[in-house]
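Each chain gets a letter, A, B and so on, in the order its sequence line appears, and its residues count up from 1. Quick caveat, the model's predicted, so the values are computed rather than measured.
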Amino acid sequence: MDPIPTDDGGGVPGVEGLGLRGSGNTKPTPPTESPRTLLTRRTIVLSFWTIVLCLGLPHWLWTTSTYRASLPLSTMNDWAEGKACDLRFAFPIHLRVLGWTREEMVDLGGNLSVLLGHDGSDGLLDFTFHVGNAVEEPPLPAHRDPALTVVLNAADLPDTYEVASRLEPGESTLRLGSGMSQAGEILDQIRKITAPQQEALAYLLSGTPFAATEHEALQMTRNMRSEASLDARNTRAFKPSTTYHLSFSLFVSGNEPSAWAIEDALAAYVTPLLSALSGVSKFTVTTQVQLHASFSPSIAGPTFDEASREWKLRKEDLSGFVNAAEWPLSPSIGEGSTINFVLYVPAPGHSPLVVADTGGTGWLVPQWGGVAILNLDGPTTQPKPAIDTDLATLTITDLDEIILTFADQLTALIGLPSSPAGSLALRIAALQRERATALLLSTASTLGALSRLVHKLPNIPIPDTVATSVGTSLRHLDLACQDLGVGRYAKTDTNLGALGNAQAASEASEKAFFEPSMVGQVYFPDEHKVAVYVPLLGPMGVPLVLAGVKELLGLYRGMREKVKGT
Amino acid sequence: MKLAQLLALPATLISAVLAIPEYSEHLHLRPLPNGYLYAGFNFTASTSLSAYESQHFRYFPRSLGQILQHSDTRELHLRFALGRWDDESWGSRPRDGKREGGTGVEIWSWLDSGGGKPAVEERWSSLVNSLSGLFCASLNFIDGTKTTRPVLSFEPEGTHRGGGNGMELLHGTLPHEVVCTENLTPFLKLLPCKGKAGISSLLDGHKVFDANWQTMSIDVRPICGLGGDCRLEIQQTVDIVLDIKRSMRPRNDPIPRPRPVEELECDESKSYHASDTCYPKRKEGEMAWSLSKIFGTPVRGSCHVADGDESHDISLEVSPDRAVEVSHGGSNDTLASHEQNQLVRTMRLPDSARQHTDISLPQHIFQDSPHQNRPTLYASRQITGCGQERGGMHTVLHNPHTHQQRIVYLESLPWFLRPYMHTLKVLTHPTNSHDRPTIPLKPDQMYYTPALDRKRGTHLELLLTIPAQSTVELTYDFDKAILRYTEYPPDANRGFDVAPAIIRVLPSTHNTHNTSTAGNEIGQDSYFRTTSLLLPLPTPDFSMPYNVIILTSTVIALGFGSIFNLLVRRFVLAEEVPRSAVAVRVAGVLGKVRGVVGSLKGRLRGGGQGRGGGGVAVGVNGVAAEGDGGMNGVSSVVESRKER
């Protein structure tokens, strides 16, 4: 036999061994190991395993883990479930009675409070009454404007109010005639004014987790009829945004008129409205003139009606009237939604152009904007030899009706409530309340979604910016909730108010949710992991594991023998 | 009399400035030698600065205006270009090369510099990103590595408050970008007539991008009149050089096919001319063409808008003896030469929106080849060297004139091309005598911003004076960087585009030799761009990471396995190896199988031979059973038996 066996010779001793075994049971056994060598070997294996488990494994886990900033998940869930905030809408009312003494007014205020307290029918709004004397402003807590001022003319002054109740258009004041000096009557009037507001808030809250805490109040104020109209209002309006870009466009099918007195028209009809709405959102205005605007090929186009001598636009074509592919109505740059107002001037040969069935010349496109058709009158069939300046420019008289329509559509598009019809100030205040509520609700649900997302995807990295944004959002939510409770709705110099806080919270939560580094999460397919890990860990892991198993088995056998031996 | 004219001059100037038309459009046509046609479209719209600031747009496009406002851009120049202008045969470039871009996309703009460098970079990024969306181009890829800040090459074209203080110039290029129809469509959308009426109705993507050379430009600049009223002007141009014959191929058979031999026009004076060899005959004169045949459509209507330009729409630059026919709707007319300039014929489109206008020229044989303006300079640029590690840049500038010229040479190189400035050599020699020794030329000024890997590209600007009738060669060496695995594009082996060099010829003081035409005013700069270059970089094998992982893993496993086994393994004699239980069982099963097989064989053969083979298999398994690492085959039978 070869004294130095080679690799392929490995089989030969085996044959030899078989021969030995075959001839007799004289197979030599390896000498028993001394306990020292056994101990040394076991120490070696143990130290290898110690290094792997104590150094290698943590290192590996640490380097392959994703960074997850800690988020206040329970607070976020509380908000999403509506537990974090008890939504109350304070509605401070300032009571003033002309010709009464202070004591009498305090009495009236007390009566009103008692009336409210007894039947508890204040719904979602918390009415509180504050009385002042006839001339002075009421002693309201700081930073709190009255949501409504009630002026009761009890002295029967000969001058003023023939009507029993009247709203001031520019301010939130309700004037009552002397016939309504009873507390019950006053309360009825106040309820009448605030009923649409109650319904709108109930509509917003219904179906959200916040509704649970307000259950009774909701049941009371829900109303099928108003719900349908609120549905319609909600689908028309844009989603709440801090900035709206208004884009007024003149589309002309030919090449004239090519100018319009839009600056003057806007200054006359739109700017006052925008300044009144400045407490709700910021607005930017751009205008443009586009010539040679053609209809989209997808619509049938207007047809000439011989009977009325008008061009009729079918109702089905209204949705495709705005030729999105060709008309440059790109959204404005920057945050916020763009509201488009399109004025279309048809070619002289296609005028007058009206909507079939109704005969109208304008319509509103929900969550997009408004369209109006301007038919220039006058027989313009014969071709003009030169450009007529009168025709080339639309004057303010041509435009005033259309811009008024646009202004009206604008109120619908930003969701301004239509009632109480008498007072713009009250409507805007109502919009502020609704906006703040809607933003608060959407922020709460965004935070809930983020919390669920973080829970569902354990691989997603969470950068610190998300944690910061969530913190900001929660802080503003708390403030907004407090502001709602004390009736601080509008933005002031020192305080953001409920609306401002809700907007800040909403922005921060959106920023956290749409964090770009979270959206593009690192994805390693399993094949890649196998391709990387197997060549490295396979050849190293197998000897380690087998050595470990062997030593453990040896240890186990040794112990068993010891037990047998004793 | 003369005094009256002199007095009237400033008045007319003022009125001319005040009465800037709000919109004008113009098409210039000029046949080029060898059957090419140059068509230059120009659309200029303007708006008062106050209307722009309050966002009331009329002819100025709103989409672009908002972008400019949002990014505080004072002046914008954007170029989309394709193809190469053939200096040798087409002569000097249209509009002095000022409305021309390097291959791909080029943009430079003056931005408000308030707020320091980060604010400017923020604005620049917002500008390129918004323009990228507007023009469907990859402009958003213009980041810090593709942006340079040239010092000498560009001057603001507009009048800026504060004499240009408080603004910063940034310049970016995308030589890889392929300009196509999707860029033309938004370009046309910016026009008041949107390609539906007037000369813009000729612009059809199929024709524009079939051209031999094509460049689209958008330039926005403020211009202030003497009275202090400022306007913002947008000038859009499309310059194309079309192969007349190619463009006139019939619509129903648009695929170019080789013509049969009989139809080829051969130069029969060549000695090798035979029935199967043909040297193409040089084109003499020009074939008959018309606008409707070349552009596929006649001019539809006109784009005459209120407060627009009242002058001519189309001008044609042909020799005075050529007959030019114009058809408006049904009526035909001949177009006579302009009174002052016999070479130019002008016409105004009819106001009617329905009428189509076409211009047609009959075939024409030139008596003498039409004179072309000599370009102010010839420039070419190449990459030299071989191998994947190093290369060199070689630029040849050739001044054909008899006066010296001062030029600014601008290169913006990508960071992975690392030039060695100590190897920069500028040598000059007279053009017509190659044997004369070259003389080193010292640049008058040099601006150099070295590259930073993955952050900034190289910016090199040289102010040179090129002597009369001589050639300047500019060379330097560079290294090619090795990119990271993920930095290679999908078509890595195609090579990387290097932006063209931009050459600005400064206004010459020797204007006596300048054969300037009406468009080439004295004292104006002109621009040239070389072709873009393709730089091959060393490309790795893209399966490399896995190979590396497997190789290193194997090496580590080998080392680890042998050390571990040496430490842990017990060495015994081969015959002392205990038989493991598994091995015995496997051997038993195998033995049974063999027994069955053997008995089957025996039955088939009818004999009982062939027993005993099973024993060998057991032995083999006896050794293999010991194996738990990779190294067992050798190490388990080593002789050392010290333990005994």
request  = List the steps and the verdict of ring-ring contact (aromatic ring centres under 6.0 Å, His included) for Phe187(B) and Phe135(B).
outcome  = CA-CA 7 Å; Phe187(B) 181 93; Phe135(B) 289 105; 7.2 Å; no
request  = Only pairs at least two apart or in different chains count here, so list each salt bridge (charged side-chain N to carboxylate O under 4.0 Å, His left out) that has a residue in residues 543-564 of chain B.
outcome  = none
ask   = Where does Ser249(A) contact chain B at under 4.5 Å (heavy atoms): side chain, backbone, both or neither?
value = neither
key: Heavy-atom pairs under 4.5 Å with chain B, option from Trp260(A), Phe48(A), Trp327(A) with the top count   = Phe48(A)
key: Selection residues 189-205 of chain B - residue pairs positive for salt bridge (charged side-chain N to carboxylate O under 4.0 Å, His left out), sequence neighbours left out   = Glu326(A)-Lys196(B), Asp204(B)-Arg251(B)
ask   = Of the backbone (N, CA, C, O) and the side chain (C-beta and beyond), which part of Ile44(A) lies under 4.5 Å from a heavy atom of chain B, both, or neither?
value = side chain
message = Ring-plane angle category for Phe341(A) and Phe248(A), please: parallel below 30°, perpendicular beyond 60°, tilted otherwise.
response = parallel
key: Residue part contacting chain A, namely of Phe60(B), when any heavy atom lies under 4.5 Å   = neither
inquiry  = With a sphere of 6.0 Å drawn around CD of Glu182(B), does it hold more than 12 non-hydrogen atoms of other residues, nucleotides or ligands?
reply    = yes
Toward chain B, the part of Ile262(A) with a non-hydrogen atom under 4.5 Å = side chain
query = Only one of Ser50(B), Ser48(B), Ser46(B) clears side chain to side chain donor-acceptor pair (under 3.5 Å) with Arg231(B); which?
reply = Ser46(B)
ask   = Does a side chain donor of either Tyr244(A) or Thr338(A) reach within less than 3.5 Å of an acceptor in the other side chain?
value = no
task = Can you tell which part of Leu551(B) gets under 4.5 Å to a heavy atom of chain A, answering side chain, backbone, both or neither?
result = neither
remark   = Interface check, chain B: of Gly538(A), Ser247(A), Gly334(A), Gly254(A), most non-hydrogen pairs under 4.5 Å belong to Ser247(A)
Under 4.5 Å from a heavy atom of chain B, the part of Leu544(A) involved = both
Side chain / backbone / both / neither for His70(B) at chain A, heavy atoms under 4.5 Å = side chain
Selection from Leu250(A), Val45(A), Val285(A) maximising heavy-atom pairs under 4.5 Å formed with chain B = Val285(A)
